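For ligands, and for the atoms within them, numbers begin at 1 and follow the listed sequence. None of these values were measured; they are calculated from a predicted model.
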Amino acid sequence: MKAFHHYNARSIDQALSLIKDHDGQARFIAGGTDLLGVLKDDILPRYPLAIINIKTIPGLDEIEEKKDGTITIGALSKLAHVAGSPVIQKHLPALVEAAQAVATPEIRNMGTIGGNLCQDTRCWYYRYPHQMGGRIQCFRKGKGPCLALKGDNRYHSIAGGKGCVAVCPSDTAIALVALDARIVIIGPQGEREIPIMDFYTNMGTILKPDEILKTIIIPPVLAESKQIFLKFTLRKPIDFAVVSVASLIKEEDGMCTDVRIALGAVAPTPVRAYSAEDMLRGNSIDTALAEEAAQQAVKGFKPLSMNAYKIEITKTLIKRSLVQ
Ligand SMILES: Cc1cc2nc3c(=O)[nH]c(=O)nc-3n(C[C@H](O)[C@H](O)[C@H](O)COP(=O)(O)OP(=O)(O)OC[C@H]3O[C@@H](n4cnc5c(N)ncnc54)[C@H](O)[C@@H]3O)c2cc1C
């Protein structure tokens with residue numbers, strides 16, 4: 001790794017002021033489980049001159065249940081803390097399952113939920129270490145075409161992508177999409193709150209380099225709704241999702257009155273299966289309908305040369321999540 005200055009920010013204001021002082025040549029660090037790998041492999045277009053630690057800002061790691069049932073999660077909450085929180089365990093089992101599905105206990109003890117949402121993509125062309133024979137350039141790095149389009153794309157998008165077909169690697173993002181979460185961002189312009197679906201773009205997130213992801217807000221979950229997060233990986237103990245699905249269903253008198261299905265690792269952003277949801281709403285869910293909905297969810301998906309198998313996995317996970 002190259003040398004950089006390291007600052008422990010004591011407040012959001014101080015963190016924002018430090019990042020401003022470095023004029024785009026600094027980065028925020030939370031648990032460091034993603035950023036340190038990115039720095040070691042030297043994949044950023046410009047190596048940062050300074051790293052600003054935001055874990056040292058008090059109050060950004062709290063999990064709270066409001067009187068109306070809204071749950072807020074500080075972005076600096078460790079993944080292990082999220083998975084083990086009694087409030088999250090009581091109301092948001094899909095998020096518990098997603099947080100527990102991330103990596104290893106060591107990484108969940110270091111990595112934060114905010115860092116999990118902001119982490120860089122895992123595309124093997126983009127992440128190729130600079131020191132192993134020189135930098136591999138690609139569309140995401142700002143030079144040349146996306147190498148996965150004509151290369152080894154077995155883990156890439158099956159639902160398109162503008163220029164780059166790397167998938168969103170975050171597990172917690174998928175559960176949070178099914179839970180209709182909103183996120184609070186703070187920067188030099190002040191604070192703004194947006195739906196989590198609007199956070200992701202084809203090339204990562206809308207977060208500007210001088211902004212901090214502060215809080216995740218989860219609206220009260222529908223009473224008696226059921227939630228699930230399922231993830232298909234190649235290696236069982238530690239691996240990124242080949243495909244993941246988070247579903248939330250509410251039923252009354254055997255009828256589905258509300259449903260949200262979120263798909264992970266199928267596209268550069270999390271995907272909501274809106275047309276499958278429409279098919280389920282107002283009906284009684286059985287295996288046949290779950291299968292039809294799964295079929296509907298992948299309509300229009302366009303696999304690349306090596307990843308049509310992900311369509312089958314997506315359908316199976318959707319069906320399984322609905323039936324379970
Ligand atoms: C071996 C391994 C296996 C993994 N497996 C999985 C997996 O199965 N599923 C999965 O979802 N993830 C997986 N991950 C990724 C892991 O979850 C992330 O590395 C971790 O969640 C990042 O959190 P962090 O706090 O360490 O972020 P950091 O590494 O500190 O930061 C990551 C990025 O986010 C930015 N950032 C962090 N927090 C904020 C904030 N609050 N505001 C603004 N910017 C911020 C940083 O600037 C940096 O660019 C794996 C990682 C490893 C190393």
Considering only heavy atoms, does A241 approach ligand 1 within less than 4.0 Å through its side chain, its backbone, both, or neither? neither
Would you say ligand 1 has an N or O under 3.5 Å from any N or O of T33? yes
Side-chain heavy atoms of F28 within contact of N53, under 4.5 Å: no
Can you check which of N116, T233, I238 brings a heavy atom nearest to atom 21 (O) of ligand 1? N116
Per-atom contacts, ligand 1 versus E211 - under 4.0 Å to a heavy atom: 43 (C)
Do L248 and I73 share a hydrophobic cluster, counting only Ile, Leu, Val, Met, Phe, Trp and Tyr and linking them when any side-chain heavy atoms are less than 4.5 Å apart? yes
If you compare R235, Q119, M110, K55 by their heavy atoms, the one closest to atom 15 (C) of ligand 1 turns out to be Q119
Counting distance only, does the side-chain N/O of N283 pair as donor-acceptor with the main-chain N or O of M279 below 3.5 Å? yes
Report the nearest protein non-hydrogen atom to atom 47 (O) of ligand 1: residue, atom name, distance rounded to 0.1 Å. F28 O, 2.5 Å
Could you tell me which atoms of ligand 1, counted from 1 in the order shown, lie closer than 4.0 angstrom to a heavy atom of R27? 49 (O)
Only heavy atoms of I212, strictly under 4.0 Å: list the atoms of ligand 1 that pass. 42 (N), 43 (C)
Salt bridge or not for E224 and K250, using N-O below 4.0 Å? no
N/O to N/O below 3.5 Å, does that happen between L36 and ligand 1? no
Hydrophobic cluster membership, with links at side-chain heavy-atom distances under 4.5 Å among I/L/V/M/F/W/Y: are F301 and V242 in one? yes
Record the part of T172 in heavy-atom contact with ligand 1 below 4.0 Å; permitted values are side chain, backbone, both and neither. neither
What are the atoms of ligand 1, with element, lying closer than 4.0 Å to any heavy atom of S170? 11 (O)
If we number the atoms of ligand 1 from 1 as shown, the ones under 4.0 Å from a heavy atom of A101 are 8 (O)
Which residue and non-hydrogen atom of the protein lie closest to atom 37 (C) of ligand 1, and at what distance in Å? G115 CA, 3.5 Å
Give a yes or no on whether a salt bridge exists between K66 and E64, defined as a side-chain N under 4.0 angstrom from a carboxylate O. yes
Does anything in residues 74-93 form a side-chain hydrogen bond (donor to acceptor under 3.5 Å, both in side chains)? List the pairs, not counting sequence neighbours. E65-H91
So is I29 polar-close to ligand 1, meaning N/O to N/O under 3.5 Å? no
Counting from 1, what ligand 1 atoms have a heavy atom of I54 closer than 4.0 Å? 39 (C), 40 (C), 41 (N)
Mind listing the side-chain donor-acceptor pairs of residues 178-189 below 3.5 Å, one per line with the distance, residues two or more places apart or on another chain?
{"from": "R182", "atom 1": "NE", "to": "E193", "atom 2": "OE2", "distance (Å)": "2.7"}

Tell me whether E277 is salt-bridged to R260, with the criterion being a basic N under 4.0 Å from an acidic carboxylate O. no
Starting from atom 53 (C) of ligand 1, what is the nearest protein heavy atom, named by residue and atom, and what distance separates them? I107 CD1, 3.6 Å
List the steps, then state whether salt bridge (charged side-chain N to carboxylate O under 4.0 Å, His left out) holds for D41 with R135. CA-CA 9 Å; D41 292 341; R135 180 180 296 278; over 6 Å; no
Closest approach of any protein heavy atom to atom 9 (N) of ligand 1, naming residue and atom: D171 OD2, 2.8 Å
Looking at atom 45 (C) of ligand 1, what's its closest protein heavy atom, distance included? C118 SG, 3.9 Å
Is there a heavy atom in R108 that sits closer than 4.0 Å to ligand 1? no
For the residue pair F229 and I174, establish whether any side-chain heavy-atom pair is separated by less than 4.5 Å. yes
Consider ligand 1: state whether an atom of it lies below 4.0 angstrom from any non-hydrogen atom of A98. no
Number the atoms of ligand 1 from 1 as they appear, then name those within less than 4.0 Å of a heavy atom of L207, with their elements. 43 (C), 44 (N)
Answer with yes or no whether the hydrophobic clustering places F4 together with L44; edges join I, L, V, M, F, W, Y residues whose side-chain heavy atoms lie under 4.5 Å apart. yes
For K231, the ligand 1 atoms whose distance to one of its heavy atoms is below 4.0 Å: 7 (C), 8 (O), 9 (N)
Gap separating the CG atom of D258 from the SG atom of C256, nearest 0.5 angstrom: 7.0 Å
Are any non-hydrogen side-chain atoms of S244 and F232 less than 4.5 angstrom apart? no
Side chain to side chain contact (heavy atoms under 4.5 Å, CB included) test vs I318 passes for just one of V243, L263, I313, L230, namely L263
So for ligand 1, is D34 a polar contact partner (N or O within less than 3.5 Å, distance only)? yes
Proximity of K214 to ligand 1 by residue part, where a heavy atom lies under 4.0 Å: neither
Taking atom 31 (O) of ligand 1 as the reference point, the nearest protein heavy atom with its distance: L35 CB, 4.1 Å
Would the Y47 and H130 ring centres measure less than 6.0 Å apart? no
Using non-hydrogen atoms of the residue, decide whether G37 is closer than 4.0 angstrom to ligand 1. no
For atom 41 (N) of ligand 1, the closest protein heavy atom turns out to be L213 O, 2.9 Å
In terms of residue, atom name and distance, what is the protein heavy atom nearest to atom 24 (P) of ligand 1? G31 N, 3.4 Å
Is L79 close enough to touch ligand 1? Criterion: a residue heavy atom under 4.0 Å from a ligand atom. yes
Is any side-chain heavy atom of H156 closer than 4.5 Å to one of W124? yes
Which is closest to atom 5 (N) of ligand 1 by heavy-atom distance: A103, A99, G32? A103
